[in-house]
Each structure stands twice: as C-alpha cells, then as structure tokens.
Amino acid sequence: MYNQPISDRSLIACLHCDLLQRLPELPPGASARCPRCDKELWRRREDSLNRTLALTLAAVVLYVVANSVPMLGLTIVGREASTTVIGGAEHLWQHGPATVGLLVLFTAVIAPALQIGFMLAIVLGGYHERPPRWVGTLLRHQPTTRTWSMIEVMMLGVLVALVKIADYATVIPGVALFTLGGLVFVLAAMQASFDPREVWERIEWAEGGARPAAESEPMAERAS
Amino acid sequence: MQLGLQNCGVCGLLSQPPPLVEEGRCPRCDEELSFRKSASFQRTWALVIAAAICYVPANLLPVLTTTTAGGAESDTILQGVVLLWSPAGWPLSLIVLVASIIIPSAKILALAYLLITAQRGSGENSKERVRLYRMVEFIGRWSMVDVFVDTFTAALIQLQPLMSVEPGAGLFFFAAVVVFTMLAAESFDPRLVWDFASPKRG
C-alpha cells in the first residue's frame with residue numbers, strides 16, 4: 001500500500017535527526033545543511049548529468065585496463081612472479097580462507113563494476129525528461145555498491161604490501177597499479193559530480209504516474 | 001515522527017501512511033517505509049556483539065604464515081605491526097596499527113556507546129553523538145587495509161621451495177570483524193539519538 005505524498009513538496013526531514021524543514025532553492029554548487037545536526041541535506045551540482053557521464057566513461061576504460069594487466073610483480077634471485085587484482089582473490093580462494101577470497105573479489109572487483117555500471121545506466125536513463133522506473137531501482141542500490149567498493153582501500157593495502165616485500169625482493173609495479181591510482185580519483189569525482197536529488201525529482205513514480213512533476217509548488221525560503 | 005510523516009531514506013520524499021497502516025511504501029521509489037529502521041537496536045547489538053567475539057581470535061590467531069628453507073613462522077596482526085616497525089618503515093607500521101587494531105576496537109566501543117546512550121534515553125550531546133556516528137560510518141571501510149595487504153603479499157610470494165607466504169585463520173576472523181562492524185553501522189538509526197533529545201530545540 002502506497003503512502004500519500006504530502007502537498008508541500010519543499011518540506012523534507014533530515015535523515016540523521018528527523019528535523020522537519022524546508023529545503024531552500026540552491027544555486028549550482030551550493031549546499032544546504034541541517035540546522036540541528038549539521039548533516040548535508042543536498043548539494044546542487046553544476047551540469048551534473050554531462051559531467052558524471054564523462055567521468056563514468058573514463059572509469060569504465062580505467063576499470064577494464066586495471067583488471068586485465070598485472071598489478072604487481074617481483075623478481076628474487078632470478079625468479080619472477082606477478083599477480084593481477086583477480087589473481088590475489090583467486091589465490092585466497094584456493095589456499096587461504098576462501099570466504100576472505102570472496103570478500104576481496106567482491107570489494108575490489110565486483111562492487112566497483114556494479115558501482116560504475118549502475119551509474120552509467122542511471123545517467124543514460126536520467127537524460128529522459130521523465131526517467132523510467134528502472135532508473136529509480138538502480139538509484140536505490142547505487143549507494144550500497146559505493147559503500148562496498150573499496151578500490152582506494154585496496155590501493156593503500158597494495159602499497160603497504162609493496163614496501164613490505166621490497167625488503168627481500170625487487171618489486172616491479174605493474175601498469176594496473178597506476179591505472180588503479182587514477183581510477184580512485186575518477187570514481188571519487190564521478191560520485192561527487194552526481195546529484196541524485198535532481199534525478200529523483202523528475203523520475204516516474206512507482207505509484208503509477210499519479211503525481212504531476214515536482215515543479216508545481218514554488219520552493220519557499222528556508223525555515224529552521 | 002510526531003507528525004505521522006514518514007521520510008524515505010532512499011529518495012528523500014516525505015509522505016503520510018494511509019490510515020491504520022504502520023508501514024506503507026514510498027509512492028515515488030517503492031521503498032518500504034517505517035518511522036525508524038526496523039529493529040535497529042536489536043540488529044545493531046547483535047552485529048556489534050558478533051564483531052566483538054570475532055575480534056578475539058582475529059588478534060590471537062596468525063594472519064600470515066611464512067615458510068622459508070629455515071622453517072615456518074606465523075604472525076598475528078600485532079606481530080606484523082612490530083615486524084614492520086623500523087627506522088624507515090614506521091609510517092607503514094603506523095598505518096596498519098591504526099587501520100587494523102585501533103579503528104576496529106574504536107568502532108565497536110563507539111557503536112556500543114551510541115546504543116547504550118540512545119537506549120537509556122540520553123538527551124545530552126546529541127550533536128556530538130551523531131557526529132561520532134558519521135565518523136564510524138565513514139572510517140569503517142579503511143579497516144579492510146590489512147586484508148588487502150595480506151592477500152597480495154600471499155598471492156605474490158609463492159617462490160617454493162625458497163619462500164612462500166600463506167594466509168592464516170586469523171584473517172578470516174579479522175575480515176568478519178570488518179564486515180560485522182560495517183553492517184552494524186548501517187543498521188543503526190541515528191535518529192534514535194534524537195528521539196529523546198530535549199524538545200526545546202527544533
């Protein structure tokens with residue numbers, strides 16, 4: 001059973017303290033915070049869809065490269081070894097605690113792929129004037145993929161491992177290591193340039209299009 | 001909540017449940033709505049306790065076993081930190097110490113503190129407590145560092161019979177601590193911190 005939306009659409013409640021307040025109309029780049037608990041309520045992005053699309057496509061390229069070439073190699077007394085990101089997870093799957101191997105695979109390979117893929121689909125769907133409902137489904141799960149996508153944490157781990165190993169072997173940083181370094185920044189920029197509220201405002205409602213588009217009521221001044 | 005409105009945690013739309021219905025759905029994004037995250041106290045407590053239990057073997061069991069011609073040697077997380085500690089390597093050692101020992105224990109303690117104060121109906125320091133919650137939420141993922149360090153060290157150092165490194169059982173419990181604390185942070189509802197706050201404000 002669906003809830004009844006309230007008539008005043010500029011009213012929102014803070015997610016962290018439930019304070020009822022009015023969201024002011026913001027110029028691009030500005031943000032609004034909750035007056036009680038300081039939670040950021042909305043940050044309006046400039047040219048959100050175009051910029052996010054560009055960064056998402058860059059992320060796709062970097063992701064594919066990062067997962068197809070070796071990340072780390074080493075030589076020790078004439079012997080060589082190298083590994084890819086997936087290779088690390090695979091080794092644990094076979095030799096170590098297998099569940100940890102799955103966790104590494106999930107956080108370093110699968111979740112980032114979902115994060116980038118969902119974003120690409122959301123942005124492409126977001127170009128519609130009334131984005132279809134499947135955009136909302138993806139938009140709902142995108143924050144979860146972001147929580148579990150841990151490329152930047154993996155990078156720090158790899159750097160620590162690299163220095164550790166450098167004590168007894170010559171370490172050869174692979175192409176994927178630099179690509180991943182770039183991917184960390186591109187992913188952060190991709191998330192930062194995206195404005196989910198802007199898409200939610202236009203999206204086709206789950207309740208079967210019973211509601212008109214959001215722009216009907218004028219936004220009032222902030223009341224706190 | 002007093003006004004009988006439900007806030008959608010997914011798309012941010014405020015809506016009113018139909019008469020005599022506790023849990024409706026968001027008309028915009030189809031999310032199931034409730035006034036507060038369901039069974040937040042019970043779920044968060046369960047996950048925090050599970051994390052605290054796993055924390056013990058995570059620190060007592062070895063995370064890495066190094067086999068060389070001279071024999072095998074097992075290290076726990078703490079021993080790994082000590083091993084890394086050298087005039088040149090102390091910054092790395094510090095990273096592992098903070099990410100693997102200080103952050104997980106601080107997270108467990110912080111969540112327990114948030115749960116206890118919210119359940120006792122404390123109305124004090126609400127702003128600071130919700131800030132603490134955001135820190136726990138933000139910093140949680142970084143404890144995974146040691147899991148990645150050990151994964152790639154083990155994957156790379158496979159030079160039998162010269163030297164090989166294998167992950168140990170401690171790594172499993174350690175990863176469990178990280179996952180449980182992350183899930184606990186997610187299931188905690190920060191609005192519970194405010195439900196008993198003094199009504200003067202807001």
Side-chain angles (χ1 to χ4, degrees), chain A residues 1-6 11-13 15-20 36-39 71-72 74 76-77 79 81-83 87-92 95-97 99-101 103-104 107-108 136-137 139-140 147 150 153-154 156-158 160-161 163-165 168-169 197 200 203 205-207 210-211, chain B residues 1 3 5-7 9-18 21 24-31 33 84 89 92 95-96 126-127 130-131 133-134 141-142 144-149 151-159 162-163 166-167 169 171-172 175 179 182 186 190-191 193-194 201-202:
Chain A
M1 209 165 174
Y2 287 117
N3 278 9
Q4 189 65 32
I6 55 166
L11 268 185
I12 58 155
L15 273 180
H16 273 185
C17 75
D18 226 13
L19 181 68
L20 208 59
R36 181 161 74 175
C37 77
D38 207 32
K39 159 102 177 139
M71 179 174 62
L72 273 182
L74 65 79
I76 184 167
V77 290
R79 294 183 57 172
S82 75
T83 182
E90 199 187 337
H91 180 85
L92 274 192
H95 302 266
T99 35
V100 183
L103 184 67
V104 169
T107 54
T137 312
L139 204 47
R140 217 163 117 178
T147 310
M150 301 192 187
V153 181
M154 180 182 72
L156 183 64
V158 168
V160 173
V163 175
K164 238 169 110 176
I165 297 167
Y168 25 71
R197 175 172 289 273
W200 279 126
I203 211 157
W205 284 42
E207 198 193 5
R211 288 287 303 173
Chain B
M1 183 158 86
L3 297 171
L5 297 176
Q6 293 181 331
N7 191 22
V10 172
C11 74
L13 182 78
L14 265 180
S15 57
Q16 192 166 24
V21 175
R25 300 183 88 91
C26 175
R28 181 158 72 180
C29 73
D30 211 24
E31 172 82 352
L33 297 179
L84 266 175
L92 288 176
I95 290 176
V96 178
S126 300
K127 200 169 175 180
V130 87
R131 196 170 291 159
Y133 171 72
R134 280 175 213 152
R141 60 215 329 270
W142 288 97
M144 276 286 283
V145 162
D146 207 49
V147 174
F148 289 117
V149 172
T151 302
F152 292 107
T153 311
L156 210 50
I157 305 198
Q158 292 301 324
L159 304 156
L162 221 63
M163 184 186 200
E166 289 306 335
L171 197 58
F172 171 79
V179 171
M182 280 183 70
E186 224 163 280
R191 289 171 294 185
V193 168
W194 298 92
R201 193 74 181 85

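This is a predicted model, so every value here is computed, not measured. The figures here come from the full heavy-atom set of this structure, side chains too, leaving out hydrogens, waters and symmetry mates. Residue numbering restarts at 1 for every chain, and letters A, B, ... go by the order of the sequence lines.
Looking at A:A89, only its backbone comes within 4.5 Å of chain B, counting heavy atoms on both sides. Looking at B:I95, only its side chain comes within 4.5 Å of chain A, counting heavy atoms on both sides. With a threshold of 4.5 angstrom between heavy atoms, B:C11 approaches chain A through its backbone and through its side chain. Using a 4.5 Å cut-off between heavy atoms, B:V10 contacts chain A through both its backbone and its side chain. For a residue to count as touching a neighbouring chain, one of its non-hydrogen atoms must lie under 4.5 Å from one of that chain's; by this rule B:E31 touches chain A with backbone and side chain alike. Interface residue B:L13: only side-chain heavy atoms are found under 4.5 Å from chain A. In this structure, chain B has heavy atoms under 4.5 Å from both the backbone and the side chain of A:L15. Heavy atoms of A:T99 lying under 4.5 Å from chain B belong exclusively to its side chain. B:L33 touches chain A through its side chain: at least one heavy atom from C-beta onward sits under 4.5 Å away, while N, CA, C and O do not.
Closest non-hydrogen pair, A:R140 versus A:W200, comes out as N-CZ2, 4.4 Å. Scanning all heavy atoms of the two residues, the minimum distance from B:P27 to A:N3 falls at CG-O, 3.5 Å. Of all non-hydrogen atoms in B:R141 and A:T147, the two that sit nearest each other are NH2-O, 3.0 Å. Closest non-hydrogen pair, A:R36 versus A:C17, comes out as NH2-O, 2.5 Å. Across every non-hydrogen atom of A:G157 and B:F148, the tightest pair is CA-CB, 4.2 Å.
Between B:V147 and A:M150 there is no side-chain heavy-atom pair separated by less than 4.5 Å.
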Output, in order, the C-alpha distance, side-chain angles, deciding distance and verdict of side-chain contact (heavy atoms from CB on, under 4.5 Å) for B:L92 and A:K164. CA-CA 9 Å; B:L92 288 176; A:K164 238 169 110 176; over 6 Å; no
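In this structure, B:E166 has no salt bridge (Lys or Arg N to Asp or Glu O under 4.0 Å) partners at least two apart in sequence or on a different chain.
Between atom CG of residue A:D18 and atom CH2 of residue B:W194 there is a gap of 11.0 Å, rounded to the nearest 0.5 Å.
Of the listed residues B:L156, B:L171, B:V145, B:D146, the one with more heavy-atom pairs under 4.5 angstrom with chain A than any other is B:L156. When the candidates A:L11, A:V160, A:L139, A:I203 are compared by the number of heavy-atom contacts under 4.5 Å with chain B, A:V160 comes out ahead. By number of non-hydrogen pairs under 4.5 angstrom with chain B, the leading residue of A:T137, A:I165, A:V158 is A:I165. Among A:C37, A:A81, A:G136, the residue with the largest count of heavy-atom pairs under 4.5 Å with chain B is A:C37. Note: B:A155 leads B:A175, B:P167, B:A155, B:A169 in heavy-atom pairs under 4.5 Å with chain A.
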